[in-house]
Amino acid sequence: MKHFDVAIVGSGASGGAVAYMLAKAGLKVAVLEKGRLIDRKAFSKDEIAYCRRDIATPSLFDEYHIIEEKVDDKWITTPTYESGWSFWNGNIVGGSSNFMSGMFHRLHPDDFRLKSKYGDIKGANVVDWPISYNDLEPYYTLVEEVVGISGKYQNHPFEPWRSSADFPQPPTDENEVVKLFDASCSTLGVVPLITPRAVLSRNKGHRNACYYSNFCGSYGCSSGAKSSSREALLFPALSTGNLTLISNCYVKKLESTQDRVTCAVVIDTLTNKESKITASLFVLAAQAHESSRLLFNSKNQFYPNGLANSSGELGKNLIFSAGGSGQGELKKETLKMITFDKLMQTGLFLNRSVLDWYFVDDKNEGRFKGGSVEFMFEHQNIISRAVKQCYEGEKLLWGKALGERLVKQFGESKSIRFEVFNDWLPTNDCFVSVDENHLDKWGMPVGKLRISGHSHDLKVGNYIAKKCEKILEAMGAENIYSSVSATPPQNLIAGGCRFGDDPKTSVLDRNCKSHDLENLYVVDASFMPTGGSVAYTWTIYANALRVGEHIVRLFEEEKRKRV
Amino acid sequence: MDRRYFLISAGLFTILFGAKIQETQKSKLFSLFESLIPTIEAVQNHLFPQGGKIPSAKEMNAIGFLKETLLHRSFDRDTRDFVIEGAKELIARTDGKFVTMDENQKERALRAYEETDYGSSWLHRIMILTMEALFGDPLYGSNIHQSGWRAIGIFGGEPRPTSRYCQI
């Protein structure tokens, strides 16, 4: 049996970042990925395969979750094979980073000290982070360089400080609709910002620049422009010769002594053969809810309530990204400022963010932590847009009338969408555990997620959504609507293994090492005590690079001691 | 969130569909499905008729797409059951005469079926499957010569797929 310096469970953003740092430093690393490797050439824009079937996620009849939601004051459990509400996100090499839209923002310095800044909120378990923005800033910058982020720095009161003057690559090309958007914001006194994108605007090493395919989010990138873990980190790590990438490898559980993880028990998903992988150090990067589940499923005589769970905090304070979305249509006959032909030019991005309501001090609503907003074109998927036209009021629309509507809708309008991101406050009613009565196809208890949002989250989301509707109105959009709910986006999950300095109230220390086991780290978004008000991915990348550097130092110190 | 409500309420978790489809089961499924094809095809042809601004279900071989899609292992088996049971229900409601009805009679029959939650959900599902045919990549056997895309002036992205379902 081959022994590795480090075994990493999961190959997404965080697993890839740690693998990159370790392999570059000369450590022998294994990445264990449940999914298969899809070649860059196979990343076509096949809507049926990638967006309408589960080709990159497990069948919910084989692997599922149990979801607990409160209905009429009672907790109702539903397996996801019944609801169809999948909590899997891109189970292939590179994980969900293959399919992200790549709209990236750093957390604000105050996101690291939310409790100190805003105090307690009743019913929420808000705490400060054990590290500050200053600790993470160098790694945010490293992500820009190594992973690749395009953009243009613009000074804004709620834009965090940065150690480099600007992004390493200029922004991706924009549709002319930004003229209308920027002018509309200006009339409202809103400051539009160019969204930093984890999409290359220029060639970088083995990766080609964006070719503006018109189908970005939800699809893998066939040029390598999207800064996925797979393109940006795993391929360079593989080129060192120090990384062994083991795909189709399901990790059942970890075995341990009181102090150390000894091995990972794995199943080759193609042969169903079980084996053990040993390493000096183990890193979990399986996505927040699945890392907690793996630790629960690894319970043993030393840790009867779950590995690394002496605190009893494992799985608790699961968070998502709160907020919602909205949309409006720009119509050919009423479009102003730009020509309709320019609006319909495919592929170019809208790429605008608004941070004006990241912190709110409103004379009517009071002072509270707000959130960020991304503006974009409605996803260009053809089938899903066509299906939206199936109803006339409550009744189905079919026949020639449906055809006429489709031709008019696709040919004479284009929709602008916004997405609001605000804090999903951690509460006692949002956590992950396992359900011993429900087993996956390999006989392991499935993850059970109790999901409940805090009412404050809805207040914040609605406050911002209404502001965004005003921008769409100013643009001349029609049929404007927004929707803010407590239903979480299942692709933005964090928490469950909080990091902190007190072993009694946190699962991980400030370096994301288990308080209990000396060679166990968790580097996906599990560590986050609060989520901030932006998508997590840049922070996940940055923190994983930080932890990776820390692990490299550990091995170097160990080596020096031996010498 | 319970999108399978209609499926469960119809009591469809039969032995036939309760596990991975083995070859013998697949053959049974195929036979059952074949017997329903004329009805489903007639529904598709009524919902997406000839002579409109978008290609018709018939011209685009939407029924061929639907058949292959439902039998592919990537397709949700509950939804497959639902398509089958919904067709059987329509046949029962129309005393097996739906296929031979004229267009006015079909319209009345489908609108009456739509009045039930089950029927409305089933018709919506048939519309979705037909739109997947009309606007999915031609590689899947429909949207012939990209006629669906041409009709609405919007085209799928590049690179186009070279194998169905990314070869799973």
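Chain naming here is simple, since letters A, B, ... match the order of the sequence lines and numbering starts at 1 in each. Both backbone and side-chain heavy atoms feed into the values below; hydrogens, waters and symmetry mates do not.
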Which atom pair, heavy atoms only, marks the closest approach of B:M127 to A:L397? CE-O, 3.0 Å

Could you check if a side-chain atom of B:C166 sits within less than 4.5 angstrom of a side-chain atom of A:F43, using non-hydrogen atoms only? no

Side chain, backbone, both or neither: which part of A:L406 has a non-hydrogen atom closer than 4.5 Å to chain B? both

Angle between ring planes, A:W398 versus B:H46, binned at 30° and 60°: parallel, tilted or perpendicular? perpendicular

Contact class of A:K395 relative to chain B, heavy atoms under 4.5 angstrom: both

Would you call B:H124 and A:V387 a side-chain contact if the rule is heavy atoms closer than 4.5 Å? yes

Given heavy-atom pairs under 4.5 angstrom as the criterion, report whether the side chain, backbone, both or neither of A:Y391 touches chain B. side chain

With a 4.5 angstrom heavy-atom cut-off, which part of A:S222 approaches chain B: side chain, backbone, both or neither? side chain

Polar side chain donor-acceptor pair, A:D46 to B:Y140, under 3.5 angstrom: yes

Which bit of A:I67 is near chain B, if near means a heavy-atom gap under 4.5 Å: side chain, backbone, both or neither? neither

Here the pair of heavy atoms bringing A:K400 nearest to B:G52 is CG-CA, 4.0 Å

For the residue pair A:R53 and B:E132, establish whether any side-chain heavy-atom pair is separated by less than 4.5 Å. yes

